[in-house]
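These numbers come from a predicted model, not from an experiment. Atoms considered below: every heavy atom in the structure, side chains included; atoms not considered: hydrogens, waters and symmetry mates. Every chain is numbered from 1 and lettered A, B, ... according to where its sequence line falls, protein lines coming before strand lines.
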Amino acid sequence: MNAHTNKMVVIITEFSIKDRVINTIEGLGVKAYTIESHLSGRGTRGIRDDNVLLGENIKISVITNIDIADKICAAVATQYLKHYAGIIYTLDVEMMHP
Amino acid sequence: MNAHTNKMVVIITEFSIKDRVINTIEGLGVKAYTIESHLSGRGTRGIRDDNVLLGENIKISVITNIDIADKICAAVATQYLKHYAGIIYTLDVEMMHP
Amino acid sequence: MNAHTNKMVVIITEFSIKDRVINTIEGLGVKAYTIESHLSGRGTRGIRDDNVLLGENIKISVITNIDIADKICAAVATQYLKHYAGIIYTLDVEMMHP
Amino acid sequence: MDIAGIILSGLFAPAILFFALGMLSVIVKSDMVIPNSMSTAMAMFLMAAIGLGGGSKAVKAVIAQPGILGAVIVVALVAVICGIFFAVFTAKVMKKIVGLSTADSWACAGHYGAVSSATIAVGIGIASAAQAQAPAEFIYGGWMAAIYPFMDSTALVTAILLGKMALAREGSGSSEATINTKEILHHTLFGMAVWLLVCSLIIGALAEYFSPVESERTLDFFNGMFRGILALFMLDMGMQAAKQLSALRDLGKKLIAAVGVAIVLPQVWGVISIMAMYLIYIMMPGTLGWGDAFVFATIGGGCSFVTAPAAMRIAMPEANPSIYLPMSVALTFPANIVIGMTVWQILCRHLWGVV
Amino acid sequence: MDIAGIILSGLFAPAILFFALGMLSVIVKSDMVIPNSMSTAMAMFLMAAIGLGGGSKAVKAVIAQPGILGAVIVVALVAVICGIFFAVFTAKVMKKIVGLSTADSWACAGHYGAVSSATIAVGIGIASAAQAQAPAEFIYGGWMAAIYPFMDSTALVTAILLGKMALAREGSGSSEATINTKEILHHTLFGMAVWLLVCSLIIGALAEYFSPVESERTLDFFNGMFRGILALFMLDMGMQAAKQLSALRDLGKKLIAAVGVAIVLPQVWGVISIMAMYLIYIMMPGTLGWGDAFVFATIGGGCSFVTAPAAMRIAMPEANPSIYLPMSVALTFPANIVIGMTVWQILCRHLWGVV
Amino acid sequence: MDIAGIILSGLFAPAILFFALGMLSVIVKSDMVIPNSMSTAMAMFLMAAIGLGGGSKAVKAVIAQPGILGAVIVVALVAVICGIFFAVFTAKVMKKIVGLSTADSWACAGHYGAVSSATIAVGIGIASAAQAQAPAEFIYGGWMAAIYPFMDSTALVTAILLGKMALAREGSGSSEATINTKEILHHTLFGMAVWLLVCSLIIGALAEYFSPVESERTLDFFNGMFRGILALFMLDMGMQAAKQLSALRDLGKKLIAAVGVAIVLPQVWGVISIMAMYLIYIMMPGTLGWGDAFVFATIGGGCSFVTAPAAMRIAMPEANPSIYLPMSVALTFPANIVIGMTVWQILCRHLWGVV
Ligand SMILES: Nc1ncnc2c1ncn2[C@@H]1O[C@H](COP(=O)(O)O)[C@@H](O)[C@H]1O
Ligand SMILES: Nc1ncnc2c1ncn2[C@@H]1O[C@H](COP(=O)(O)O)[C@@H](O)[C@H]1O
Ligand SMILES: Nc1ncnc2c1ncn2[C@@H]1O[C@H](COP(=O)(O)O)[C@@H](O)[C@H]1O
Ligand code: NA
Ligand code: NA
Ligand code: NA
């Protein structure tokens, strides 16, 4: 199959800023992404349990080209990740369809 | 550890065809996979919310060799992804156990 | 952005040993991880449905350096994966933030 | 009760108001979210409650008056005929008047022919409240829920099979791994809603016959919670409806015709349903109250938006969910609970001579 | 009520029928799915209801007749003894007659010795219905639920500790990071079911004593919903049972013996439980009704399939869940609610001289 | 009832005991987990029940005695004033006495000024039980729930806006993508709790006026389940509270002052709330019973721990959730249901001359 190599940007952050992060990403021209909810985890902001009070973690994945990937990382990190818990990482994936 | 490099095929598609896609994959001889449910996302078929009416997205991951990986991509893409929402991508993983 | 390449260790195993596996990992000095719950799947131990009786699969992901990654794989595989269902794989990711 | 009273107390029933609140919540972008498992639990509760009540009341009615069995069978036959008729003619209307594609027309046919559990739930609520307020009169026999599966499955199967054939004739059918007739029948009969309903009907009937004390205690639970769960379920449905509103844009120039048909057509199916019941009432006196005819109208006029979309997505992937979903949940359902419930009720009361 | 009546009204109670429907749903591959959180919510509701009712009724009974406290203590002691006895002999039977491995035998021992919340819930439903129908007689004191934890924890701890020792002797114990005795006790005592039950018992007792009005209002909720939630819970359990049926293949040639033991053994434990209660009834007249003995039989004869599998998976990973799970949920549980409930009830009524 | 009786029956009410059990479950590390969707469902149920009941009772009260409308308006105004006052002075106390940062002080101000749904739910339970036990007296009008949003939204908006201004003056405000005033107001008014409450109030009122029969049947469901759901909800809240206990360490040397303030301050706000109601009672005789003043005290004294944390996390990310969350849910809430409920009730009964 003629696959094309792409970057996948993964953002793990707080549920409470889901809509704002999505807005920011869409503002960079991104029209496709996947969201997973109800994650728990531990990081520099301590344990983030999937509970009703503190809110859970979510994971936003975007498969895109390297330029947009860099822009997403920069925008989300500077706009949100000072006060909100969260990490961003990228990995190489091959898009097989479409 | 003596790890062996493998392909991971990831299919994100509609919940409604879960059983049929699994059947197709098993038909290719695959006996191991992982399913995650309740994903939401946006793509060429618009926003796919995790709601009761339209149904949510699911994610099927198969770690396998490159041949089977290609077969899975081809079979699922041609059999389902014309009318159903979905993407397929692959990435390299190292299997550490078993 | 100045990203640094890292290993991501992914453990898919039974919910029933979640706390013990986390303890083992934290015992290796790991202070950050993400947990996803309610996965189902199939493997050498048969179909593991997300149901109340048999318990579901969980996925623990740790982004760390290659040394710790190896230690995690070794410790979890030898301590738990003889009797409990589970696999471990690793992949390369680039940490963009922090 | 006078007509204004019927209209007002119908429009301002908590269930209807919660539906409006649900729509409003989405429109004002409230943070309110109803967990998916809560939706499913409420839907299951309602189907079980409808089924158990219907099965138990059917047994009670037949024991009290064995002749009623004839009426049940005739009504079931009428339901089968209506299921075919509503499906076929909905497809025609959707194609000719609204101008939808073949696939979309037949998908809509399945929806408008099939039964909407939320609509029948609201209808049963109204009919049983009327019966409870006038215990001396014969208004609602209670077994009409047992008719649900006859129209529902017939309409879905008709729409899917005829739709597939029409697509095959056009040569535009899916070239993909096709789902065969056996699978279609399976998903239609063993889908959550109709399966749970049929089983609950049988359970309700068996328990009523063999274990009446236990049966009554269990029914107490379901009846006691029915209105409350229905109210919260309607909140959820209101949110779902509002979320689909924006998809109506996809209809483009067909929008006006679609809105008109979505509002008027189910009223017609409802009125035809009532007329059929009225004929039976004339021919088999003492078998049907106006409440029975009214609930049958909510079966015939209701447009499925939980079961049918799921079945159609599997069986007719060529049809666009952005057409049939908003039409059923965001247009027809609100029209039915506001206009239909009022019109049908007044018509039934009028025909049965109780205004 | 005559014996045929008991059997019929037991078999056709909604809860039992819903269990059958659940099994059927899986067998016909219906799309029906019960959300996991709904299962958990229902299980929690049932444990809380059983506990609150038991605690409150225990306080009421002791206040009304202080001498009852002696009976409660004796029954609790008997429960502890039964827990040990049932666990040890189940292991023997599983090893000798069915031919299971040491680990599997002791894992089964834990299941058959421990208490099944669904079984006791059905039992309490039957006993309290009998009491409600004959308010003048003394049938069911209501405090028997307080005995649950005594047999449950004893049996689980016995099976795990003796099982671990047997495995160590064989040298076949897990070489993996082993879980120590403290952890085992922790998981046994603080697992969801028994912990929630014990706490609800205490809450029920304290609230009944100090805040009777509030207590009664809260109990109204739990009692009112008990049968309905139980019915839906049984639907879920039926689905779980059917899902495990296919795993029975793993038993191979041991299948016939396993089926036989899974059906007969719990009947024996139930009958022994009744005999023990009968002895107490003879020696301490006026403390136990036939309903109490019957509920005790559902404690002794019941085979845990929610708590025990979770505890065994953690404490004895060497044992194969594909053996103990299908035996408990797909064989013993249906046998108990169909055969056990009938046999035990008839035996109790007979011994207490009320047929 | 004498004072000891009030205290005991309050402390040993099932809801309070379930809260304690929830805390204990986390402390002993029980495996018990309440599914998130069950928490959400229970919270939604409680808000809908409070709102529907409040709306319906408000209409009933105004119809029976039109003059009551004046009292409702005055109480709403007082609630707005209290909301501002409590927020501003809580911020002062948190900054001066506890020594919290500007952001943390104003975040706490929002919490202590806003309304705690669990606290008002317990309060309504007590007041309506007292009214039910003495139907002849005028204790609790039932419309006080309608006052909730006035204090809640006012306090949250006040705290966020003044907090943002204080941070801006300090130059320590977030340099990040800032959320504007419109968004703040949106999240404050359309957050799940207050939005569902306001809509339920309106639904309750409309349904009571136009469709009283349907309304009553729906209310039966909500009232019947209120105590049971509240008990299970308190179990959940107890678990949440215990989970936050360890975060108190983060307070370091400020811990003692924080504990003191978290326990005492809400008592003061509660007493001030009662005094305000007493003034109205004096000036507008016959409009308020002691139960109304008591419920108003649970509005004023309650410290939000579901809505406010969510709103603050969005609007004031600079504030540390590990400070405001444990203070509200692990310190103030238990203090309020144990101390507050007793003190406020005794004070109200005393002022209204019913001991
Ligand atoms: N090294 C890591 N590996 C995996 N997940 C992480 C890691 N660091 C942080 N996370 C996830 O990101 C969330 C926020 O991280 P933090 O902002 O560091 O508290 C955590 O709750 C984890 O779910
Ligand atoms: N570029 C992408 N990155 C991440 N997820 C995607 C992407 N494209 C599609 N998806 C996911 O795949 C689903 C189906 O995509 P589509 O068929 O394009 O609507 C979407 O709802 C997303 O969850
Ligand atoms: N090759 C594979 N690809 C993806 N997931 C797998 C694979 N093998 C095992 N798994 C997951 O790991 C779980 C345990 O595997 P096992 O121990 O082989 O039964 C399964 O239930 C699957 O969720
Ligand atoms: Na219809
Ligand atoms: Na037992
Ligand atoms: Na307050």
Using modelled atom types only, decide if a donor and an acceptor are shared between the side chain of [X] and the backbone of [Y] within a distance under 3.5 Å.
| X | Y | result |
| --- | --- | --- |
| E:W352 | E:I139 | no |
| D:S328 | D:L325 | yes |
| D:R313 | D:A310 | no |
| E:Q131 | E:Y140 | yes |
| E:S9 | D:S211 | no |

Worksheet item: Is chain E contacted by the side chain of D:M225, its backbone, both, or neither, given a heavy-atom distance below 4.5 Å?
Response: side chain
Item to complete: Tell me, for D:L189 versus chain E, whether the close heavy atoms (under 4.5 Å) come from the side chain, the backbone, both or neither.
Response: neither
For [X], which atoms come within 4.5 Å of any heavy atom of chain D: side chain, backbone, both, or neither?
| X | result |
| --- | --- |
| E:L8 | both |
| E:L24 | both |
| E:I126 | neither |
| E:A231 | side chain |

Item to complete: Sequence neighbours left out, what pairs pass salt bridge (Lys or Arg N to Asp or Glu O under 4.0 Å) with at least one residue falling in residues 199-215 of chain D?
Response: D:E214-E:R227
Worksheet item: With respect to chain D, which residue among E:I229, E:L11, E:L235 yields the maximal number of heavy-atom pairs within a distance under 4.5 Å?
Response: E:I229
Worksheet entry | Most chain D-contacting option - heavy-atom pairs closer than 4.5 Å, from E:A129, E:P14, E:S37 | E:P14
Discussion item. For E:F138, I'd like to know if atom CZ has over 12 heavy atoms of other residues, nucleotides or ligands within 6.0 Å.
Written reply: yes
Discussion item. Classify the ring geometry of D:F45 against D:F226: parallel below 30°, tilted from 30° to 60°, perpendicular beyond 60°.
Written reply: tilted
Worksheet item: Taking non-hydrogen atoms and a cut-off under 4.5 angstrom, which of residues 215-224 of chain D neighbour chain E?
Response: D:S215, D:R217, D:T218, D:F221, D:F222
Practice prompt. Sequence neighbours left out, what passes ring pair (Phe, Tyr, Trp, His ring centres under 6.0 Å) with D:Y148? Give chain and number order.
Written response: none
Listing, residues 192-206 of chain D side-chain donor-acceptor contacts under 3.5 Å, not counting sequence neighbours, or none:
unit_1 : atom_1 : unit_2 : atom_2 : d
D:W195 : NE1    : E:S25  : OG     : 2.7
D:S200 : OG     : D:L196 : O      : 2.7

